[in-house]
Number of protein chains: 2
Amino acid sequence: MTGDAIRAALVRRLRLTSNISEDDIKEIEALPISVRQFPAEMPVVRDGERATDCCLIADGFCVRSKTIANGKRQILSIHIPGEIPDLMSLFLHVMDHELSTLTPSTLGFISHETLQKLHRRAPNIAEMFWRDTLIDAAMFREWIVNVGQRPAPSRLAHVMIELRERLRIIGRVDGDHFEMPMTQEQIGEALGITAVHANRVIKQLRQEGILEFHRGRVTVLDERKFLELADFDDRYLHQSPTL
Amino acid sequence: MTGDAIRAALVRRLRLTSNISEDDIKEIEALPISVRQFPAEMPVVRDGERATDCCLIADGFCVRSKTIANGKRQILSIHIPGEIPDLMSLFLHVMDHELSTLTPSTLGFISHETLQKLHRRAPNIAEMFWRDTLIDAAMFREWIVNVGQRPAPSRLAHVMIELRERLRIIGRVDGDHFEMPMTQEQIGEALGITAVHANRVIKQLRQEGILEFHRGRVTVLDERKFLELADFDDRYLHQSPTL
DNA sequence: GCCGGGTTCCAACAAAAGTTAAGGACGCGG
DNA sequence: CCGCGTCCTTAACTTTTGTTGGAACCCGGC
């Protein structure tokens with residue numbers, strides 16, 4: 001995959017997500033991007049590292065996570081193509097968490113310097129990116145609520161629906177199923193439960209005929225029960241730029 | 001308290017937290033602010049509401065929270081004087097969570113319009129505020145880890161130490177004690193546990209001689225054990241603007 | 001000084017989640 | 001086609017946390 005394809009993925013998401021002008025699109029299409037391939041389960045930017053570039057996902061799934069002293073890991077967010085998962089590093093230079101791949105991924109890198117110049121030149125783009133990082137924060141808030149207040153089956157359903165709604169925007173939901181390429185260990189790390197318990201929860205949702213989960217693919221069998229369980233309100237995704 | 005005192009509180013925090021120039025300070029000191037008093041436990045901005053101003057805490061403690069369908073509430077962050085807890089509303093106009101007071105508070109309001117104009121005029125200030133919202137997001141990430149991975153006693157110690165470190169910046173830690181004006185119910189909502197369990201945890205930390213907690217005042221009795229329990233690393237607060 | 005309401009505190013029991021251990025399925029590389 | 005490793009699955013047991021309900025406490029207002 002080339003730099004052009006990556007820029008196209010970014011522009012596509014920005015068109016759907018913000019009121020971007022044609023001039024601004026030209027600016028973004030002129031951005032120098034260096035492309036690199038990563039295998040599955042590979043750190044992209046490590047906790048404590050000093051980032052000099054922002055990373056754009058062209059293809060593949062990534063996660064942000066933090067590991068605490070006792071070795072336990074918490075997954076903070078799941079990222080899909082078109083997203084810039086470490087835009088925050090532009091002003092928070094030393095990473096307070098890790099970014100790593102879930103699947104083999106194609107990533108584009110844009111230097112902080114380039115982006116900073118762009119912001120001074122095109123404040124509209126700066127605001128659009130700022131807004132992007134604010135939506136990120138809104139997703140963290142909902143993640144706190146999920147882990148803090150919902151029972152485990154609801155947590156799983158909620159994370160799944162959030163992922164599905166975001167995949168839908170980039171046209172990657174196919175009928176009643178979508179990709180969620182995570183092991184049960186990783187699902188546990190996302191929900192704040194152990195892998196054994198994650199397995200129990202999946203088993204329960206299967207037995208209740210709500211969904212099927214097999215090798216990283218979710219198939220929703222009972223949409224009504226699924227939605228009810230998830231307690232999902234998409235307001236926090238702030239998808240409409242006009243509001 | 002007057003608008004001047006509020007501007008002073010903001011400028012004081014910004015001086016300690018960022019590389020702000022004297023010109024920029026003048027800009028901020030010229031900001032029109034309207035002041036209002038709020039009683040304890042009062043919503044300031046409600047979930048779903050359309051915000052038109054940003055709110056600056058001059059005096060008092062506030063929290064951000066979300067309430068889910070079953071009525072359970074999760075506290076997302078605690079805010080202290082000098083902070084702008086809803087800066088994000090500048091670009092995310094409809095609130096996805098609630099901001100409310102913990103104690104009687106004096107709040108200043110700056111209109112979105114004023115701030116937006118200021119940003120175009122002074123991009124340095126815009127970047128400083130952007131950075132502020134990014135630190136906010138970093139604190140949410142740590143809060144996710146706290147609620148998702150740490151045992152309840154550590155969760156409590158961690159939230160306490162975060163609060164203490166931030167109070168220290170504004171000179172409100174007095175020897176071995178500091179203010180944390182929350183009921184056990186509210187502490188439970190912050191940690192993702194019930195009030196009964198919050199009480200059990202506090203009792204345990206008391207019995208172990210680690211701390212005393214009485215009527216919203218924390219007194220640390222065994223700093224070593226307290227730090228060890230909290231698993232606290234202040235990196236995520238990004239207090240040094242030069243890094 | 002004495003209510004009254006909100007905290008705090010606690011006990012007993014129930015439910016959810018963690019731990020440990022072990023067998024089975026499945027895909028990949030030789 | 002076999003063997004190996006990873007992931008999934010389950011069971012039995014322990015620990016943590018939630019639930020319910022009630023008593024003690026404490027402060028502010030009358």
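Here is how names work: the chains are called A, B, and so on, in the same order as the sequence lines, proteins then strands, and each is numbered from 1. Keep in mind that what you see is a predicted model, and the values were worked out from it rather than measured.
Listed nucleotides: dT8(C), dG18(D), dT17(D). Nearest to the side chain of Thr194(B): dG18(D). Checking dA17(C), dA21(C), dG27(C) against the side-chain heavy atoms of Arg215(A) singles out dG27(C) as nearest. Considering only side-chain atoms of Lys203(B), the nucleotide from dG18(D), dT10(D), dC10(C) that sits closest is dC10(C). Taking every side-chain heavy atom of Val196(B) into account, dC10(C) is the closest of dC10(C), dG18(C), dT8(C). Across dC7(D), dC9(C), dT7(C), the shortest atom-to-atom separation from the side chain of Thr183(A) is found for dC7(D). Closest to the side chain of His197(A), out of dG18(C), dC9(C), dG18(D), is dG18(C). Closest approach to the Arg200(A) side chain among dT19(C), dT8(C), dC27(D) is made by dT19(C) (side chain taken as heavy atoms from C-beta onward).
The interatomic distance linking Gln204(B) (CD) with dC10(C) (C1') rounds to 15 Å, in whole Å. Leu102(A) has its CG atom 15 Å from the C1' atom of dC7(D), to the nearest Å. Straight-line distance from the CD1 atom of Ile193(A) to the C1' atom of dT19(C): 14 Å, rounded to whole Å. Rounded to an integer number of Å, the gap from CD1 of Ile187(B) to P of dC9(C) is 10 Å. Rounded to a whole Å, the CG atom of Asn199(A) is 14 Å from the P atom of dA17(C). At whole-Å resolution of the value, NE2 in His214(A) and P in dC8(D) are 10 Å apart. When the P atom of dA16(C) is taken as reference, atom CD of Gln149(A) falls 16 Å away, rounded to whole Å. Between the CD atom of Glu185(A) and the P atom of dT20(C) there is a distance of 14 Å, given to the nearest Å.
A salt bridge links Arg164(B) with Glu223(B); the closest basic N to acidic carboxylate O contact falls under 4.0 Å. No salt bridge links Glu179(B) with Arg172(B); every basic N to acidic carboxylate O contact stays at or beyond 4.0 Å.
Within 4.0 Å (heavy atoms only), Gly192(A) reaches sugar-phosphate atoms of the nucleic acid but no base atom. Across all strands shown, Ala195(B) has no heavy atoms under 4.0 Å from either base or sugar-phosphate atoms.
Using modelled atom types, one finds a donor on one side chain and an acceptor on the other under 3.5 Å when comparing His238(B) with Asp96(A). A donor-acceptor pair shorter than 3.5 Å cannot be found between the side chains of Glu142(A) and His97(B). No hydrogens or angles considered: nothing links the side chains of His93(A) and Arg50(A) as a donor-acceptor pair under 3.5 Å.
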